Visitor: 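I'd like to ask you about the structure that follows.
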Amino acid sequence: MRFYRRNIKRLISAAAALRRNVMRSMLTMLGIVIGIMAVVSIMEIGNGASRTLGKSIQSMGANMIMVMPGAAAAAGIQQGSGSAPTLTPADVEAILLDCPAVAAAAPVVMARTQVVYGSTNWVPANMFGTTPAYLQIRDWKNLDEGECFTEQDVRNSNKVCIVGKTLVTELFADCSPIGETIRIQNVPFRVIGVLSRKGANVMGMDQDDILLTPWTTLKYRVSGSALGQVNQSASAGSPDGVNSFGDPYPRSHLEFYPTLTTTQMINTPRQTRMTTVDQICASSVSTEKMQMAVDQINATLNRTHHVRPGEAGDFSLRNMTELSEMFGSTTALMKSLLLMIAGISLLVGGVGVMNIMLVSVTERTREIGLRMAVGARGRDIMIQFLVEAVMLCLIGAMIGIALARGVSMVVTLLLNWPIAASLPAMIAAVSVSILIGVGFGFYPAWRASQLDPIDALRYE
Amino acid sequence: MHNVIELTDIVKTYQRGEITIPVLHGITLSIEAGSMTAIMGASGSGKSTLLNILGCLDRPSAGTYRLDGLDVTHCSRDERAEIRNSKLGFCFQHFHLLPRMSALDNVTMPLDYGDSGLSPQQAQDRGAELLAQVGLAERMDHEPAQLSGGQQQRVAIARALVNRPAILFADEPTGALDSRTSAEILELFRQLHTDVGVTVVLVTHDQNVAAHAKRIIHIQDGLIAA
Ligand SMILES: Nc1ncnc2c1ncn2[C@@H]1O[C@H](COP(=O)(O)OP(=O)(O)O)[C@@H](O)[C@H]1O
Ligand SMILES: [Mg+2]
């Protein structure tokens, strides 16, 4: 009780001492105010920035895993990633069957070619042949209009497609394209759905410049080559590409050799090559299970592709965690740099507090002498000045936090970033300010406590 | 009556770099409890030095000082602070009140440093009572700057008495006051001495003042003159 009362008394007299020189107290605080304001607002804005970044990475499909075919190499000549036709639709089946951490998987066939509607034309940046699961993987299931094609459409290689917003603008002048017919390499496709707007991705690429069709349609009817072509763009883009209009089935080419009899076939087994796809897209059931999903896909594909232990696989896996980690570490670096600068300003503020406290001790030498003469011990004097320094810093921190909230609010208004008050930042700010108060108040307070009462009383 | 103060061969020399300044050359002296003593002497003769040693503000270079039977010569800084707080009261020539603090707060200030066990309310009450005793019942909320010299010295006296000390020291308490106010202040000391029974030791130049005291000690060049 008495202890408590004495401390209350100390706080009151410290507040009174600070109030006796309001202007000077304010100016001393200013350094702390600015430093704390900088630290807290940088923390809050930095958090807001990484959250925004997280969101835009999410829009690319946060849990997405991409499986790319490996590099083809012959006689020491590497063709680069994706050049070997190693991924098959069967791999998709295997992944779905054997990987519990995978929520969805879809094959992707790519093409880059012209789309014609009436008298307008456009080359979509992304023309993908896939399955309906692709939309689930990309987290893109709510369409603006119409609906997605079905598994049935995929099985039947139906000539239907859904388009992104950019195509609606470029081809249809923003009118509803549902039911309209567009041509891809002279193959007519009916538009049955419009994707909702996703905006640019973190790389700044337009994600709405997209056209999706069943992969079987794009592979067999548009590109027209069932074998030998890894990436459709080569054949689909070339003017002399096979037009598969009216030629719905693959392998209906001329046979150069006489057909084998059944006996002959049995006698000379030929290695059959499966239909290949350009990429497989999959998603993990949750962000936490991402690594598990990656490992499971790796294991499954190593098995189906007969990769021996210790040998490099003929495929590679990419996922968004790498990307978000990369961006995350960039923002973290920026944040820590800015925090360092803010920390320096806080340090300068602390030096200001020390300076003023030293002046204050000198100015109040006679007061110190008198307090000692009536019975104050060195420790009492020391505590008195320490409490004053800490109080100065604490009040400064409070004002700084309030101002930082203001700054964050303005940034939220101007940049539309989701900035939330960061409790850890505030707690850190308050404890740092207490530390500064004690750290920089210690020397002046110690000097005061070492004064000799007679000398101090005689001080002019 | 027992001797509350007993000095034996007190020597005080100040050291200023290479030079040593001897001030007190061996003072032996005892003061009875409940007495009123005046210390007189020329300026620079060492009166303040002696009073500071008596008031435990300073330590003698040699000799022993027994206060109430306790040898305070070897007490630590903190122990002496506690003795000053609980047993001694001190009045200065220049009052030394804390600026921008009410008279009442000035009076109760020493209570912050001891364990008087008083609640804030009791402390306020005691301060008010003492201020009334020195004739400043109407001036409790005034700050030192709003008080005359005599009133300021009264506040200082009330402050010196707040912990109910056994001995009250005053170093030229009227040195900064005109003669009429001086007389009033000295009358106050005499009153406190007779009514409250506190031991009073004061330094003065004034013969009239000294006349109030039961005993006069003359200091000359750091020695007690016969
Ligand atoms: N801190 C000090 N350092 C050096 N000399 C001092 C100090 N204090 C007092 N003196 C010297 O001691 C002598 C006595 O001083 P003081 O006791 O104040 O005299 P008084 O109060 O009788 O006028 C003076 O000559 C003074 O110069
Ligand atoms: Mg003197």
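These figures come from a predicted structure and were not determined experimentally. Below, chains carry the letters A, B, ... as their sequence lines are ordered, and counting in each starts from 1.
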Visitor: Considering only heavy atoms and a distance below 4.5 Å, find which of B:P165, B:S119, B:A160 pairs most often with chain A.
Guide: B:S119
Visitor: Would you indicate whether the side-chain heavy atoms of B:M101 and A:E367 approach each other to under 4.5 Å?
Guide: no
Visitor: Which bit of B:S48 comes within less than 4.5 Å of chain A, counting heavy atoms only: side chain, backbone, both or neither?
Guide: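 Nothing of B:S48, per the 4.5 Å heavy-atom cut-off to chain A.
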Visitor: By a 4.5 Å heavy-atom criterion (distance strictly below it), what part of B:P120 contacts chain A: side chain, backbone, both, or neither?
Guide: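 Interface part for B:P120: both.
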Visitor: Any non-hydrogen side-chain atom of A:L370 less than 4.5 Å from a side-chain atom of B:M109?
Guide: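 Yes; the side chains approach each other to less than 4.5 Å.
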Visitor: Using a 6.0 Å cut-off, check whether atom CD of B:E6 has over 12 heavy atoms from anything other than its own residue.
Guide: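 Enclosed.
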Visitor: Just so I understand: if I count every heavy-atom pair under 4.5 Å between each of A:A376, A:P453, A:G369 and chain B, which residue has the most?
Guide: A:A376
Visitor: Can you tell me which portion of B:R100 sits under 4.5 Å from chain A's heavy atoms? Options are side chain, backbone, both or neither.
Guide: both
Visitor: Below 4.5 Å from any heavy atom of chain B, which atoms of A:R19 appear? Answer side chain, backbone, both or neither.
Guide: neither
Visitor: Looking at B:V162, B:N163, B:D112, which makes the most heavy-atom pairs under 4.5 Å with chain A?
Guide: B:D112
Visitor: Side chain from CB out, backbone as N, CA, C, O: work out which of these in B:R80 comes under 4.5 Å of a heavy atom of chain A, or both, or neither.
Guide: neither
Visitor: Take a 6.0 Å sphere around CD of B:Q122 and say whether it holds more than 12 heavy atoms from other residues, nucleotides or ligands.
Guide: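 More than 12 within 6.0 Å, yes.
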Visitor: Determine whether more than 12 heavy atoms belonging to other residues, nucleotides or ligands lie under 6.0 Å from atom CZ of A:R51.
Guide: yes
Visitor: Determine the option with the most heavy-atom pairs under 4.5 angstrom with chain A, choosing from B:D78, B:N52, B:I83.
Guide: B:D78
Visitor: Hey, does B:F90 have a side-chain heavy atom less than 4.5 Å from the side chain of A:V374?
Guide: no
Visitor: Using a cut-off of under 4.5 Å for heavy-atom pairs, which of A:R371, A:M372, A:R364, A:K9 has the most such pairs with chain B?
Guide: A:R371
Visitor: Sort A:I8 into side chain, backbone, both or neither according to what part of it lies under 4.5 angstrom from a heavy atom of chain B.
Guide: neither
Visitor: Near A:D455 CG, under 6.0 Å, is it more than 12 heavy atoms from other residues, nucleotides or ligands?
Guide: yes
Visitor: Flag the pair B:Y113 / A:R377 as yes when at least one side-chain heavy-atom distance between them is below 4.5 Å, and no otherwise.
Guide: no
Visitor: Chain B heavy atoms under 4.5 Å from A:R20: which part of the residue, side chain, backbone, both or neither?
Guide: both
Visitor: How many angstroms lie between atom CZ of B:R77 and atom CG of A:D452, to the nearest 0.5 angstrom?
Guide: 7.0 Å
